> 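If you scroll down you'll find the structure; I have some questions about it.
Keep in mind it's a predicted model, so treat the numbers as computed, not measured. In listed order, ligands and their atoms are each counted from 1.
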Amino acid sequence: MPTTALTDRLDASAREFVLAPHRLLIGAAAVEAADGRTLASLDPSSGAEIATVPLAGRHDVDRAVAAARDALETGPWQRMPAAERARLIAALADAVEDHSDELAEIESLDNGKPVKLAKVVDVADTVAYLRYFSGWPTKIEGGVLPVAAERMLCYTRMEPVGVCGQIVPWNFPLLMAAWKVAPALAAGCTVVLKPAEQTPLSALRLGELALEVGFPPGVLNVLTGDGSTGAELVEHPGVDKIGFTGSTAVGRQVGAKASGALKRVTLELGGKSANIILPDADVEAAVKGAYQAIYFNSGQACNAGSRLYVPAQIFDEVLAALVDRASQARLGPGLDPATQLGPLISAEQQERVMRCVRQGEAEGAHLLAGGGPALTESGGWFFSPTLFAVEDDELAVSREEIFGPVLVASAYEELEEVVRRANSTPYGLAAGVWTRDLSAAHRLAQMLKAGTVYVNRWGASDPAAPFGGVKSSGVGREHGWLGLQAHLEAKTVWVAL
Ligand code: NAP
Ligand code: MG
């Protein structure tokens with residue numbers, strides 16, 4: 001049952017939503033899971049149960065895919081002019097903006113993140129994302145092709161890829177949902193969205209808002225559930241494209257299954273991103289940036305800068321400044337406005353991070369800050385911002401994605417050495433460079449094997465700027481034209497004249 005103390009801290013609209021019964025959104029209906037199963041969503045700041053949501057099974061996936069297929073092939077959606085599709089996506093952006101405070105509170109409660117961060121990052125970026133993609137429907141063009149054959153007209157139509165099964169993680173629940181849903185809707189696809197089991201609430205609210213602003217039923221269906229729900233969606237023959245954000249381990253299975261069925265698939269996976277300070281960098285800015293790069297969202301970001309490379313001559317200075325910052329971090333519940341770092345998402349995640357830290361210590365990494373759970377009396381899953389110094393890149397803490405507030409820092413001597421070390425990972429999501437040397441910045445941007453390179457600003461993001469990984473960090477790109485294209489199929493039409 002929801003605790004009074006907790007919900008008392010929510011404004012009326014968030015409280016009303018959190019306390020209301022939660023249902024799957026399938027077509028126009030809000031329904032229980034066919035077999036009546038449910039799962040609990042917990043407050044990571046206290047471990048208390050805040051809501052119960054349906055756990056969708058095979059039958060529910062079947063119904064949701066059928067609703068999406070219907071909307072795609074027979075409903076008003078497929079006849080809708082592009083301008084009207086654009087208007088609806090823009091209306092959804094407006095609705096999310098109008099409900100900013102409510103959504104930020106829901107997100108903060110369900111995920112644990114600071115409410116201010118939820119508002120200025122998660123919700124604001126969701127609005128910007130929807131707004132950006134509302135501009136696309138009216139700009140999707142095919143072309144007339146200069147074919148050799150005489151008296152033949154050849155042209156392309158860019159058509160929606162179809163029903164999209166979209167599976168998202170718990171670290172930015174609403175924003176990851178928007179990253180999936182917005183380009184799909186812009187392309188004219190229909191969607192079955194599966195939020196992570198730990199954070200089901202904001203996706204349900206997004207689905208409600210979509211119906212409220214007038215999306216035809218079945219265009220956006222939301223199935224709360226767990227990994228088995230995701231697996232059913234991936235295997236369903238009625239799904240044309242899978243969009244997945246999550247761990248590399250699960251992404252590998254999802255990719256294999258979807259590819260086996262010849263579905264379209266895009267995967268945004270994990271990372272172990274290198275952040276490189278060059279000797280000429282503005283050290284103060286680099287320290288601030290390196291701190292943010294790893295501890296933002298309590299380290300639960302796919303593009304976290306979790307490996308820091310520092311020139312040997314400033315290593316001690318940089319690490320001392322990071323330890324100083326880490327020791328001053330204000331940890332607390334997301335809904336407390338003073339909180340800078342919220343809890344980790346779950347007890348499992350806290351244990352996982354703890355295991356990684358213990359292993360690091362056992363393997364000889366030097367612990368300089370943090371190293372264990374914090375605020376344990378709260379019942380929440382807090383973890384102190386943790387900093388290791390290591391001599392090489394072979395330790396598990398230097399190689400494996402931890403997905404928590406754990407930074408591994410290492411000294412280097414030569415530029416060639418640091419590039420080789422930065423690239424010596426199976427991952428390739430992001431990389432960062434801190435320098436005042438323009439030439440070095442661009443040379444490194446070329447040499448680093450990553451989907452994104454940040455120079456003097458970790459984590460910059462925009463709906464227009466492609467995002468995704470190379471190597472084990474994923475397949476395909478989200479955002480911008482490339483993100484839209486992943487939801488389109490080119491049909492070639494030949495007409496004998
Ligand atoms: P996860 O365990 O891989 O889960 C991601 C999503 O997949 C969840 O909705 C999960 O459902 C679902 N799922 C689990 N097993 C499945 C299966 N067999 N078939 C289909 N779906 C399945 O990842 P996570 O721990 O939630 O998220 C953290 C990971 O996401 C990190 O590795 C991080 O790097 C990555 N991430 C990447 C990006 C990016 O853009 N590259 C962005 C954010 C996060 P349940 O939660 O209900 O089990
Ligand atoms: Mg939760």
> Counting only nitrogen or oxygen atoms and a 3.5 angstrom limit, does Pro169 reach ligand 1?
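Between Pro169 and ligand 1 (N or O atoms, distance only) the closest approach is not under 3.5 Å.
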
> Which atoms of ligand 1 sit under 4.0 Å from any heavy atom of Gln253?
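Contacts of ligand 1 toward Gln253, numbered from 1: 18 (N).
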
> Return a yes/no value for Val250: is any of its N or O atoms, backbone included, closer than 3.5 angstrom to an N or O of ligand 1?
no

> Could you give the distance from CG (Leu103) to CG (Asp122), rounded to the nearest 0.5 Å?
10.0 Å

> Test your reading of the structure: does Ser247 have an N or O sitting under 3.5 Å from an N or O of ligand 1?
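Looking only at distances, the answer is yes, because the N/O contact criterion of under 3.5 Å is met.
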
> Yes or no: does Phe172 have any heavy atom under 4.0 Å from an atom of ligand 1?
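For ligand 1, residue contact (heavy atoms, under 4.0 Å) with Phe172 is absent.
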
> Atoms of ligand 1 less than 4.0 Å from Ile167 heavy atoms?
6 (C), 7 (O), 9 (O), 12 (C), 20 (C), 21 (N)

> Answer with yes or no whether Gln198 contacts ligand 1, where contact means a heavy atom under 4.0 Å from a ligand atom.
yes

> Using a 4.0 Å cut-off to any heavy atom of Phe467, which atoms of ligand 1 qualify?
40 (O)

> Give the residue, atom name and distance (to 0.1 Å) of the protein heavy atom nearest atom 5 (C) of ligand 1.
Thr245 O, 3.6 Å

> Closest non-hydrogen protein atom to atom 9 (O) of ligand 1, residue and atom name please, with distance?
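Closest protein heavy atom to atom 9 (O) of ligand 1: Val168 O, 2.8 Å.
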
> Considering only non-hydrogen protein atoms, determine which one is nearest to atom 10 (C) of ligand 1 and report residue, atom name and distance to 0.1 Å.
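The closest heavy atom on the protein side is Lys194 NZ, 3.8 Å.
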
> How does Leu233 reach ligand 1, by side chain, by backbone, by both or by neither, if only non-hydrogen atoms under 4.0 Å count?
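No part of Leu233 is near ligand 1 at this cut-off.
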
> Does some non-hydrogen atom of Ala249 fall short of 4.0 Å from ligand 1?
no

> Please say whether Val254 places an N or O atom under 3.5 Å from an N or O atom belonging to ligand 1.
no

> My understanding is that only residues two or more places apart in sequence, or in another chain, count here; which of them pass ring pair (Phe, Tyr, Trp, His ring centres under 6.0 Å) with Trp381?
none

> Just to confirm my output: which protein heavy-atom neighbour is closest to atom 43 (C) of ligand 1, and how far is it?
Asn171 ND2, 3.2 Å

> Relative to each other, are the rings of Phe467 and His479 parallel, tilted or perpendicular (30° and 60° limits)?
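It falls in the parallel class, under 30°.
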
> Would you call Phe296 and Leu117 a side-chain contact if the rule is heavy atoms closer than 4.5 Å?
yes

> Are any of the side-chain heavy atoms of Val53 and Leu201 separated by less than 4.5 Å?
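Result yes, sub-4.5 Å side-chain heavy-atom pair found.
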
> So do the side chains of Pro333 and Leu109 get within less than 4.5 Å of each other, counting heavy atoms only?
no

> Starting from atom 14 (C) of ligand 1, which protein heavy atom do you reach first, and at what distance in Å?
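Heavy-atom neighbour on the protein nearest atom 14 (C) of ligand 1: Gly227 CA, 3.5 Å.
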
> Answer yes or no: is there a side-chain heavy-atom contact under 4.5 Å between Asp35 and His59?
no

> Taking only heavy atoms of Gly230, which atoms of ligand 1 are found under 4.0 Å from at least one of them?
19 (N), 20 (C), 21 (N)

> So which protein heavy atom does atom 41 (N) of ligand 1 come closest to, and at what separation?
Leu269 O, 2.7 Å

> Salt-bridge test for Arg58 and Glu232: reply yes if a basic N is under 4.0 Å from a carboxylate O, no otherwise.
yes

> With no hydrogens and no angle check, just 3.5 Å: does a side-chain donor-acceptor pair link Ser346 and Gln198?
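Checked: Ser346/Gln198 side chains show no N/O donor-acceptor pair below 3.5 Å.
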
> If we only count N/O pairs under 3.5 Å, is Glu478 in contact with ligand 1?
no

> Give the ring-plane orientation class for Tyr454 versus Trp458, where under 30° counts as parallel, over 60° as perpendicular and anything between as tilted.
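Correct class here is tilted.
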
> Using a 3.5 Å cut-off on N or O atoms only, is Glu401 in polar contact with ligand 1?
yes

> Give the single entry among Ala231, Gly246, Gly270 that approaches atom 30 (O) of ligand 1 most closely by any heavy atom.
Gly246

> For atom 36 (N) of ligand 1, find the nearest protein heavy atom and state the residue, atom name and distance (0.1 Å precision).
Cys302 CB, 3.4 Å

> Hey, is ligand 1 close enough to Gly225 that some N/O pair sits below 3.5 Å?
yes

> Any side-chain heavy-atom pair from Val18 and Arg15 closer than 4.5 angstrom?
no

> Hey, does Glu208 have a side-chain heavy atom less than 4.5 Å from the side chain of Leu211?
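When only atoms from C-beta onward are counted, Glu208 and Leu211 do not touch, as no gap falls below 4.5 Å.
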
> Is any side-chain heavy atom of Val168 closer than 4.5 Å to one of Leu193?
yes

> Can you report which non-hydrogen protein atom sits closest to atom 24 (P) of ligand 1, along with the distance?
Trp170 NE1, 3.4 Å

> I need the Thr126 OG1 to Arg131 CZ distance, nearest 0.5 Å.
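If I round to the nearest 0.5 Å, the distance is 11.5 Å.
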
> Between the side chains of Trp170 and Asp110, is a donor N or O closer than 3.5 angstrom to an acceptor N or O?
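Not at all, the side chains of Trp170 and Asp110 share no donor-acceptor pair under 3.5 Å.
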
> Evaluate the side-chain proximity of Phe215 to Ile89: yes if any heavy-atom separation is below 4.5 Å, no if none is.
yes

> Could you tell me which atoms of ligand 1, counted from 1 in the order shown, lie closer than 4.0 angstrom to a heavy atom of Glu268?
37 (C), 38 (C), 39 (C), 40 (O), 41 (N)

> Indicate yes or no: does an N/O atom of Ser473 lie under 3.5 Å from an N/O atom of ligand 1?
no

> So, is Glu197 polar-close to ligand 1, with some N/O to N/O distance under 3.5 Å?
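So ligand 1 has an N or O lying under 3.5 Å from an N or O of Glu197.
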
